[in-house]
Structure formats: structure tokens, C-alpha cells
There are 2 protein chains.
Amino acid sequence: MSVVLQKSVLEQAREDFIAQWGALGTAWGINRTMAQIHALLLVSPDAVSTDEVMDSLEISRGNANTNLREMVGWGLARSVLKKGDRKEFFEAEKDVWKIFCIIARERKKREIEPASQVLKNCEINTKDLGSAEAKAFNQQMADLSEFVSLASSVLEKIATSEESKIMPKVLKLFH
Amino acid sequence: MSVVLQKSVLEQAREDFIAQWGALGTAWGINRTMAQIHALLLVSPDAVSTDEVMDSLEISRGNANTNLREMVGWGLARSVLKKGDRKEFFEAEKDVWKIFCIIARERKKREIEPASQVLKNCEINTKDLGSAEAKAFNQQMADLSEFVSLASSVLEKIATSEESKIMPKVLKLFH
DNA sequence: TTATACTTTCAATATTTACTGAAACTTCAA
DNA sequence: TTGAAGTTTCAGTAAATATTGAAAGTATAA
């Protein structure tokens with residue numbers, strides 16, 4: 001006779017969310033484990049210990065530790081102490097706007113700023129050349145550079161704003 | 001006695017751009033080769049053949065072919081025929097705004113829409129549960145879902161607009 | 001101190017993703 | 001037709017990334 005532990009609908013939904021969010025992390029340039037831990041913390045009512053993360057996601061201690069640290073570094077999680085317990089516990093930032101700002105800033109830093117730098121260098125290095133071909137190249141770099149800089153400053157502006165101040169403006173884009 | 005072929009400043013700048021753009025591609029979730037081919041086409045005055053891509057970037061025929069096809073699929077490149085030549089040549093879309101729109105649409109499709117779907121499912125599956133914990137989970141999913149949908153429609157709106165119509169509005173975000 | 005609970009590190013390994021190159025396929029001119 | 005020019009495919013391999021697990025490091029209570 002076998003005993004089947006029935007998962008509640010809620011438990012099932014939590015697990016689905018964690019699995020799917022992990023898969024999506026990849027598309028976002030975030031490694032699977034980090035995205036899964038993020039999902040786990042997001043849907044956990046209480047702060048979670050490293051061991052609970054290891055057990056839930058069936059990952060090694062090293063992996064859990066590294067990714068939790070990185071999340072704390074990003075500001076996506078914070079460590080909290082429970083009285084009478086020596087372990088560290090972690091809880092996620094749950095405010096959607098704040099999560100968005102953190103990710104936007106991180107991506108800007110990792111993706112946009114290096115691109116911007118490359119373009120500016122290429123532009124500067126060809127500024128004084130005289131041939132038509134060189135002028136075309138220089139112009140191409142200038143166009144790209146200007147656009148990327150603009151994108152960067154728009155993102156910066158949005159990601160450092162209060163939600164209540166910027167959202168009405170964004171919604172107006174649809175006039 | 002050795003002969004040194006001196007690279008012109010322009011050639012050097014082109015090569016730098018290609019190498020760097022390739023490295024950045026990775027951060028953008030675009031594979032290195034595709035980003036390099038894109039860079040090569042962007043800075044080539046004339047349309048380029050598969051063999052020229054292979055030679056310039058020192059990559060295999062298979063790799064060149066696959067990535068060129070994919071770029072055509074995205075709309076980042078088009079194939080052109082030169083009269084008197086049986087080969088296909090490729091040229092890049094060079095308009096920065098159009099490039100942006102293409103990448104935005106592609107990323108929306110690959111990254112935002114799947115996320116949105118996951119969130120909606122999780123929300124629906126827990127809609128009717130009664131416990132406080134379930135209600136909190138459901139609310140979390142609803143918040144995320146709403147935000148992602150909004151982001152998606154803003155991106156859609158921007159990426160399908162004429163540059164001249166949307167840019168003034170975007171610039172106004174800075175009031 | 002020292003034993004214990006807990007955290008961090010990192011070399012070895014596994015997994016995922018990209019690339020090669022040669023064979024199969026297609027197209028077209030003679 | 002045939003064959004030369006060009007293109008596509010894909011099994012095998014290489015490169016990049018993520019993960020493990022055990023050893024070393026820290027902090028705390030006794």
C-alpha cells in the first residue's frame with residue numbers, strides 16, 4: 001500500500017512559478033539558480049535559510065550561498081536574523097517597482113554602459129579622418145552612440161524615480 | 001626582410017568595433033557571432049557575401065550561413081542580388097531607430113511574453129483559494145502580472161511608432 | 001581555549017551553448 | 001542532362017557557464 005502525499009493547489013502553483021521563473025531567468029541573462037532562488041523568496045511568506053533553499057531547489061550549498069550573496073549584492077534580497085538562531089535568513093524585495101528598478105539599473109550597468117563606451121571610442125578614433133568612407137563610419141558610430149546614450153539616460157531617469165512620480169508620465173505616452 | 005602591411009586607422013577602428021560589438025552581444029543574449037556579423041555588415045559600405053563574412057571573421061561556412069539566415073529572419077539584414085553574380089550578398093539595416101525597434105520586438109517576444117504568460121497562469125490557478133497565504137500568493141502574482149503587462153504594452157507602443165512621433169514624447173519624460 | 005554551528009571558497013566536473021566541416025542538397029548555365 | 005557554383009544541414013567537437021562538494025575559514029557559546 002503506497003502513501004501519496006497530495007500537494008495542495010497552492011504548493012503546486014508555487015512550484016510551477018519557481019520552475020518557470022527559473023527557466024525565464026536564462027532569457028534575462030540571469031542564471032537559472034539565481035532566478036529560482038528569487039522566485040522561492042518571492043513566494044515565501046517568511047524569510048528562508050540557506051539550508052531551506054538547498055532543500056527546496058535541490059542544489060548544493062556552494063551554489064545556494066553564491067547566488068544568495070549575489071542577490072543581496074544586487075539588492076534583490078536582504079539577510080535578516082531571527083532571534084535565538086545563529087543562521088542567516090533571507091527575504092526578497094517584494095515591491096514590483098523596486099524590483100524593476102534594481103534590474104533596470106543592473107542591466108544598464110552590464111549592457112548599455114559598455115556599449116556606449118565602445119561606440120564613443122570608435123567615434124573619437126575616426127573623428128579626424130577625411131575620406132568619405134571614414135566619414136560614413138564616423139557618422140554611423142555617432143548615430144549609434146547618441147541613441148544608446150539617450151536610451152541610457154531615459155532608463156536612468158525611470159529607474160531612479162518614485163513610481164508615483166513617473167508612472168503617470170509613462171501612461172501619458174499613450175495619450 | 002619582412003613586409004608589414006600597415007592597417008589604416010579606419011580599418012583598425014572597424015575591427016575594434018566588430019570585436020567589441022561581438023563581446024557585447026553576449027550581454028544582450030545575442031550570440032557572439034551574430035553580433036559580430038551584424039557589426040561587420042553595419043560598417044561595410046557594400047553588401048557582403050557569405051564568403052567575405054567567413055574570411056573577415058574567420059568562422060566556418062555553417063556558422064556564417066546560420067547566423068546570416070537568423071539575422072534576415074529578425075529583419076536586421078536583407079539579402080540582395082548583384083547582377084551578373086549568382087551569390088547572395090547581405091546588407092544590414094542601418095537606421096538606428098529601426099534596429100532598436102527590431103531588437104525591442106524580439107526581446108519582448110522572447111523574454112516578456114513568456115513571463116507574462118507564466119504569471120497569468122499562476123494567478124488564475126490560485127484565484128479561488130481561501131487561505132490568507134494563498135491570497136498573498138495570488139496578490140503577488142497579480143502585481144507582477146500587471147506590471148509585466150504594462151511594460152510589454154509600453155514597449156510595443158514604442159517599437160511600433162514612427163521615431164518622429166514618439167521621440168518628442170519620450171524626451172518630455174524629462175519635462 | 002575549544003567544540004560546534006555556520007559560511008565561504010574553489011578545483012573538479014557537469015551542463016549548456018556555439019561552432020566546425022564535410023556531405024547532401026539546390027540552382028542554373030551550357 | 002551534367003557539372004560547377006552556391007547553400008543548407010547536422011553529427012561531432014569545442015568553448016563557455018554553472019554546479020558540486022569537500023576543505024578551509026569564522027564566529028559564538030560554553
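In what follows, chains are A, B, ... by sequence order, proteins preceding strands, each numbered from 1.
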K.L.:
Can you give the first and last nucleotides of DNA chain D, 5' to 3', that have an atom under 4.0 Å from a heavy atom of chain B?
P.N.:
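The contact span of chain B on DNA chain D goes from D/dA4 to D/dT17.
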
K.L.:
For B/F17, enumerate each residue passing the ring-ring contact (aromatic ring centres under 6.0 Å, His included) test, keeping only those at least two apart in sequence or located in another chain.
P.N.:
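ring-ring contact (aromatic ring centres under 6.0 Å, His included) check on B/F17 returns B/W21.
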
K.L.:
Can you measure A/N63 atom CG to C/dA14 atom C1' for me and round it to whole angstrom units?
P.N.:
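The distance from CG of A/N63 to C1' of C/dA14 comes to 12 Å, rounded to the nearest Å.
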
K.L.:
Kindly state which residues belonging to residues 75-83 of chain A come within less than 4.0 angstrom of DNA chain C, counting heavy atoms of the residue only, listed by number.
P.N.:
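Residues of residues 75-83 of chain A that come under 4.0 Å of DNA chain C do not exist, since none gets that close.
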
K.L.:
Would you find more than 12 non-hydrogen atoms of other residues, nucleotides or ligands less than 6.0 Å from B/K98 atom NZ?
P.N.:
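No, because the 6.0 Å sphere around NZ of B/K98 holds 12 heavy atoms or fewer from other groups.
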
K.L.:
Going 5' to 3' along nucleotides 3-8 of chain C, which nucleotides have protein heavy atoms under 4.0 Å from the base (write B), which only from the sugar-phosphate (write S), and which from neither (write -)?
P.N.:
-BBSBB

K.L.:
With a cutoff of under 4.5 Å between side-chain heavy atoms, which Ile, Leu, Val, Met, Phe, Trp and Tyr residues group with A/F89?
P.N.:
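Answer for A/F89: A/V80.
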
K.L.:
Going by the rule side chain to side chain donor-acceptor pair (under 3.5 Å), which residues pair with A/Q140 if we only count those two or more places apart in sequence or in a different chain?
P.N.:
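For A/Q140 there are no side chain to side chain donor-acceptor pair (under 3.5 Å) partners, ignoring immediate neighbours.
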
K.L.:
Decide yes or no on salt bridge (Lys or Arg N to Asp or Glu O under 4.0 Å) for A/E156 and A/R107, but give the supporting numbers first.
P.N.:
CA-CA 11 Å; A/E156 178 68 24; A/R107 292 190 88 156; over 6 Å; no

K.L.:
Mind jotting down which residue pairs meet the ring-ring contact (aromatic ring centres under 6.0 Å, His included) criterion with at least one end in residues 116-157 of chain A? Sequence neighbours excluded, please.
P.N.:
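For residues 116-157 of chain A: A/F147-B/F100.
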
K.L.:
Taking side-chain hydrogen bond (donor to acceptor under 3.5 Å, both in side chains) as the criterion, tell me which of B/R69, B/E88, B/E91 meets it with B/S79.
P.N.:
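The passing option is B/E88.
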
K.L.:
Which salt bridge (charged side-chain N to carboxylate O under 4.0 Å, His left out) pairs, counting each pair once, include a residue from residues 31-51 of chain A, with sequence neighbours left out?
P.N.:
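Sorted pair list: A/D51-A/R61.
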
K.L.:
If only atom types and distance count, is the side chain of B/R105 paired as donor or acceptor with the main-chain N or O of B/A159 below 3.5 Å?
P.N.:
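Confirmed, B/R105 side chain pairs with B/A159 backbone.
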
K.L.:
List for me each residue that meets side chain to side chain donor-acceptor pair (under 3.5 Å) alongside B/E163, sequence neighbours excluded, and say none if there are none.
P.N.:
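Counting only residues at least two positions away or on another chain, B/E163 forms no side chain to side chain donor-acceptor pair (under 3.5 Å).
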
K.L.:
Counting only non-hydrogen atoms, which of residues 21-33 of chain B are less than 4.0 Å from DNA chain C?
P.N.:
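By residue number: B/N31, B/T33.
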
K.L.:
Applying salt bridge (charged side-chain N to carboxylate O under 4.0 Å, His left out), can you list everything that pairs with A/K109, at least two apart in sequence or on another chain?
P.N.:
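By the salt bridge (charged side-chain N to carboxylate O under 4.0 Å, His left out) rule, A/K109 matches A/E106.
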
K.L.:
Scan for salt bridge (charged side-chain N to carboxylate O under 4.0 Å, His left out) pairs involving residues 125-134 of chain B, sequence neighbours excluded, and state none if there are none.
P.N.:
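Residue pairs passing salt bridge (charged side-chain N to carboxylate O under 4.0 Å, His left out), neighbours aside: A/R14-B/E133, B/E123-B/K127.
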
